[in-house]
Amino acid sequence: MKTYIEKPKIINISQVKEKKSLSSFSYRKICFKNYNIVLLKNLLKENKKWFEPWSDNYVNFGKNYFVRITEMDVLNNTFTISEKTNKIIAFEWKNFIENWDICFQTASNVWNVNFYFWPKAYFNSHIRKISFDKKYYIFSILKSSFWKNQVDIWGSIKWVDNFNNKLLENIKIPFPSKNNHQEPEKIENLVSLITQNIIDKEEQIKLKNKIIDEKIEKELRENQISWKYEYYFPTISWIRETSRLDTWLYWQKFKEFYSLVKNYKNGYSNLCLDDLQWWNTPKIRIFEPVKKEFLWFIPTDINAWVLASKKYIKAQKYNLWKDFALLFSNRSNCWECILYSPEYYIWWHHNQWIYRKIIKKENFVENIFILTLFNSKIFQKSINNISTGSTFKELRIEQFVNISIPNFPEEKQQEIARQYYNKVEKNTDLTFENYLEKEKERNSKLWIFQLNMELFELRETLENLIDKIIMDEKINIDFWY
C-alpha cells in the first residue's frame, strides 16, 4: 500500500510553540502535488449520524434491522445484513439506510467506507450516512490509502470513537487536472468505471458462494438413506466416544448436519494424513522486501473462498512450492481453503498454521470439489463446532482428517467445482461507452477463483491511477488490467 505521509527530519522552535507538542507524531503531514483539491464538506449533500438504542428493551424486538460497524466490510466495498443483525423497535425514527447508501465508519477502522446493499435498516452511532454527487469517484478516494493516511495524521485511536464531524468534512478529495490528461473528466470517468467493475466482481463472488452452498445442501438433503433423523440428549457412551465435554458437539444443529453426511446414500470418506504438508515461519526473514520474489501465506489471508491480501517474504530457508495446491487455514477462520495456481502466483511459502494438499492433474476436479465443500456454509458451521479455542479457533490435524467428506457422484462434483474454477478470456475491445456493460456480462460468466485474482489486478490498477492523480502525473487511458 502506498503512503503519502511525510515525516519531517527537523522542527524549529516556532513550530513547537504553535503545536504545543514535543511529539514527532504531531508534525507529520500529507504529501501531494495535485492542488486541484476540494474539501469533502463542499461536496456533501447528506451527513447523518444516528444513536444507540437507550435500552436493551428496544433490541431484538420488532422487525426493523439495526446494523453496527461489526457488519461493515474492510476488505470489500459493500456490506449488508447478516444472520447476526439485530432487530429493534424503531418508532418514528427517520434516519435509516437503504440500497446503495454510503456508510462511513467512525470507530475501530475509522477510515472504512462501504456501500450498503439490500433492505432498509437503522444504524448505530459509529456510522455516518453520507451522500454526494460523483459518488463512485469520491468513494474510490475515500477507500484509498490517500484517505487512510489523512486519518492517521489526525491521530484517530483504534477502537475509540474520537473521529469528529469536523475531521470528516475536512477530508481532501483530489480531482484530475490537465497535467493528468487534457480531458480530466475522462480520468474521473475511468476511476468511476473501474470502481463499479470492482464492486460487481465482489458481488458476483458472493452470488457464486450462495449457488455452491445451495447445490451442496440440496444434494445432501435429497439423497438420504431411508432413515429419519431424531435428536436426543447426550449419553455417557456418546461423551466417551468423543472424549470431549464441549457443548457445541452435542448441539442439535450440529448433529443434524452430522447425520446428513453420515446418512448420505453414496457414503463418505476422509482425507489422507500423508497428503497434507506443513512448515514453520523462517527464523531469519524479512517481510515485504523491496524485491517481491516469494509470496507469504498466513491464515488471515484466507477469507471465505478468496485470498484476502498478498504478502511477500525474503528468508534464508524456504518451504517453496509452485504447482497447484489447496491451502487450508488452521487458525481463526478454521479450515477455510483457497486454491494456489501457478497461472497467477510466483513461488510461495507458508507458516505452520497453513496445511497444503498437492493437486495432481488426474484428481484436479475432486480437489476443487473438496475446496468448495470445506468453504461451504454448512461445512464451516460444523467445523466451528468441532474446533477448540475461543478467540483463536484451532483444529488438530488428527481431528481434521476424521471429518467425513460425502462421496458425491463425479458429475455432481464437476458441476459444483465449475462454479469455483472456470476461466474466461478478458475483453479486448473496451471503450467508455461499453466498458461496464461488457465487464458485467463477463463477470457473470466468471467464477470465484478468477474473480478473486482479477480483483487484485483491478485494485492495483485503481490504486496506481489514484496515485497519479494525487502526484499530478500524466495518465494514459487504458482499460486493460
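None of the values given here were measured: they were computed from a predicted structure. Index from 1, following the sequence. Values below: all heavy atoms of this structure, side chains included; hydrogens, waters and symmetry mates excluded.
Tyr116 has its ring centre less than 6.0 Å from the ring centre of Phe79. Residues Phe328 and Tyr355 keep their aromatic ring centres 6.0 Å or farther apart. Aromatic pair Phe408/Phe369: ring centres closer than 6.0 Å. A centroid separation of 6.0 Å or more is found between the aromatic rings of Tyr340 and Phe324.
We find that Glu460 and Lys310 are not joined by a salt bridge, their nearest charged nitrogen and carboxylate oxygen being 4.0 Å or further apart. In summary, Glu415 and Lys215 engage in a salt bridge, as defined by a charged side-chain N under 4.0 Å from a carboxylate O. The pair Arg442-Glu454 counts as a salt bridge, with a side-chain nitrogen and a carboxylate oxygen less than 4.0 angstrom apart. A salt bridge between Glu71 and Arg68 is absent, with no side-chain N of the basic residue lying under 4.0 Å from a carboxylate O of the acidic one. Checked for salt-bridge contact, Glu441 and Lys445 meet the test: a charged N lies under 4.0 Å from a carboxylate O.
Residues Asp275 and Ile358 have side chains not in contact (no heavy-atom distance under 4.5 Å, counting atoms from C-beta outward). Side-chain contact check for Ile216 versus Leu220: some heavy-atom pair is nearer than 4.5 Å. By the 4.5 Å heavy-atom criterion applied to side chains, Phe297 and Leu295 are counted as neighbours. With a 4.5 Å cut-off on side-chain heavy atoms, Leu373 and Pro406 count as touching. Considering only heavy atoms from C-beta on, Leu462 comes within 4.5 Å of Thr195 through its side chain.
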**OP:** Check the pair Lys206 / Glu202 against salt bridge (charged side-chain N to carboxylate O under 4.0 Å, His left out), numbers first and verdict last.
**Re:** CA-CA 7 Å; Lys206 294 173 187 176; Glu202 291 172 352; 5.8 Å; no
Subject >> Test salt bridge (charged side-chain N to carboxylate O under 4.0 Å, His left out) applied to Lys377 and Glu83, step by step >> reply: CA-CA 12 Å; Lys377 196 173 183 180; Glu83 294 175 354; 2.8 Å; yes
**OP:** Step by step, work out the side chain to side chain contact (heavy atoms under 4.5 Å, CB included) result for Leu455 and Ile205.
**Re:** CA-CA 10 Å; Leu455 275 174; Ile205 287 175; 3.7 Å; yes
Original post:
How far apart are the C-alpha atoms of Leu190 and Lys186, what are their side-chain angles, what is the distance that settles it, and do they pass the side chain to side chain contact (heavy atoms under 4.5 Å, CB included) test?
Top reply: CA-CA 6 Å; Leu190 180 60; Lys186 284 190 174 181; over 6 Å; no
**OP:** Apply salt bridge (charged side-chain N to carboxylate O under 4.0 Å, His left out) to the pair Arg28 and Glu6, showing each step before the final yes or no.
**Re:** CA-CA 6 Å; Arg28 300 185 306 166; Glu6 187 178 276; over 6 Å; no
**OP:** Kindly indicate, with the supporting measurements, whether the criterion side chain to side chain contact (heavy atoms under 4.5 Å, CB included) is fulfilled by Ser382 and Tyr258.
**Re:** CA-CA 8 Å; Ser382 171; Tyr258 185 79; over 6 Å; no
Original post:
Can you list the steps and then say if Lys129 with Asp101 is a salt bridge (charged side-chain N to carboxylate O under 4.0 Å, His left out)?
Top reply: CA-CA 7 Å; Lys129 174 186 173 182; Asp101 278 340; 3.6 Å; yes
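Between Phe115 and Trp100, the two ring planes are perpendicular [angle over 60°; tilted spans 30° to 60°]. Using the six-membered ring where Trp is involved, Trp147 and Phe104 have ring planes that are tilted, between 30° and 60° apart. Ring geometry for Phe400 versus Phe374: interplanar angle of 30 to 60°, hence tilted. Ring geometry for Tyr421 against Phe364 counts as perpendicular: the plane angle is over 60°, on a 0 to 90° scale with 30° as the lower cut.
Annotation: Glu362, atom CD; neighbour count of heavy atoms from other residues, nucleotides and ligands within 6.0 Å is above 12. Within a 6.0 Å radius of NZ in Lys262, more than 12 heavy atoms belonging to other residues, nucleotides or ligands are found. Within a 6.0 Å sphere centred on CD of Glu410, other residues, nucleotides and ligands contribute 12 heavy atoms or fewer. Residue Phe233 places its CZ atom among 12 or fewer non-hydrogen atoms of other residues, nucleotides or ligands, all under 6.0 Å distant.
Inspection of the Asp73 and Asn76 side chains reveals an N or O donor paired with an N or O acceptor under 3.5 Å. Using modelled atom types, one finds no donor on one side chain facing an acceptor on the other under 3.5 Å when comparing Asn180 with Lys474. For Tyr4 and Gln150, the side-chain atoms include no donor-acceptor pair closer than 3.5 Å. Side-chain polar atoms of Asn407 and Ser269 form a donor-acceptor pair below 3.5 angstrom. In this model, no donor atom of one side chain and acceptor atom of the other lie less than 3.5 Å apart for Ser376 and Asp213.
Once rounded to the nearest 0.5 Å, the distance linking CD of Glu463 with CD1 of Ile470 reads 9.0 Å. Between Thr3 atom OG1 and Asp152 atom CG the span is 8.0 Å, to the nearest 0.5 Å. Interatomic distance, OG1 of Thr80 versus CD of Glu203, reported as 8.5 Å (0.5 Å rounding). Taken to the nearest 0.5 Å, the CD atom of Glu214 stands 11.0 Å off from the CG atom of Asn209. Ile97 contributes atom CD1, which lies 12.0 Å from atom CD1 of Ile130 (distance to the nearest 0.5 angstrom). Taken to the nearest 0.5 Å, the CG atom of Leu458 stands 10.5 Å off from the CG atom of Asp200.
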Validation: residues 424-434 side-chain donor-acceptor distances under 3.5 Å, sequence neighbours left out:
unit_1, atom_1, unit_2, atom_2, d
Lys426, NZ, Glu457, OE1, 2.8
Lys426, NZ, Tyr481, O, 2.3
Asn427, ND2, Lys438, O, 3.3
Asn427, ND2, Glu439, OE2, 2.7
Asp429, OD1, Lys438, NZ, 3.2
Asp429, OD2, Lys438, NZ, 2.6
Thr431, OG1, Glu433, N, 3.3
Thr431, OG1, Glu433, OE1, 3.4
Thr431, OG1, Asn434, N, 3.2
Thr431, OG1, Asn434, OD1, 3.3
Asn434, OD1, Thr431, N, 2.7
Asn434, ND2, Asp429, O, 3.2

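For the pair Lys311 and Trp296, the cation does not sit on the ring face, since its NZ or CZ is not both under 6.0 Å from the ring centre and inside 45° of the axis.
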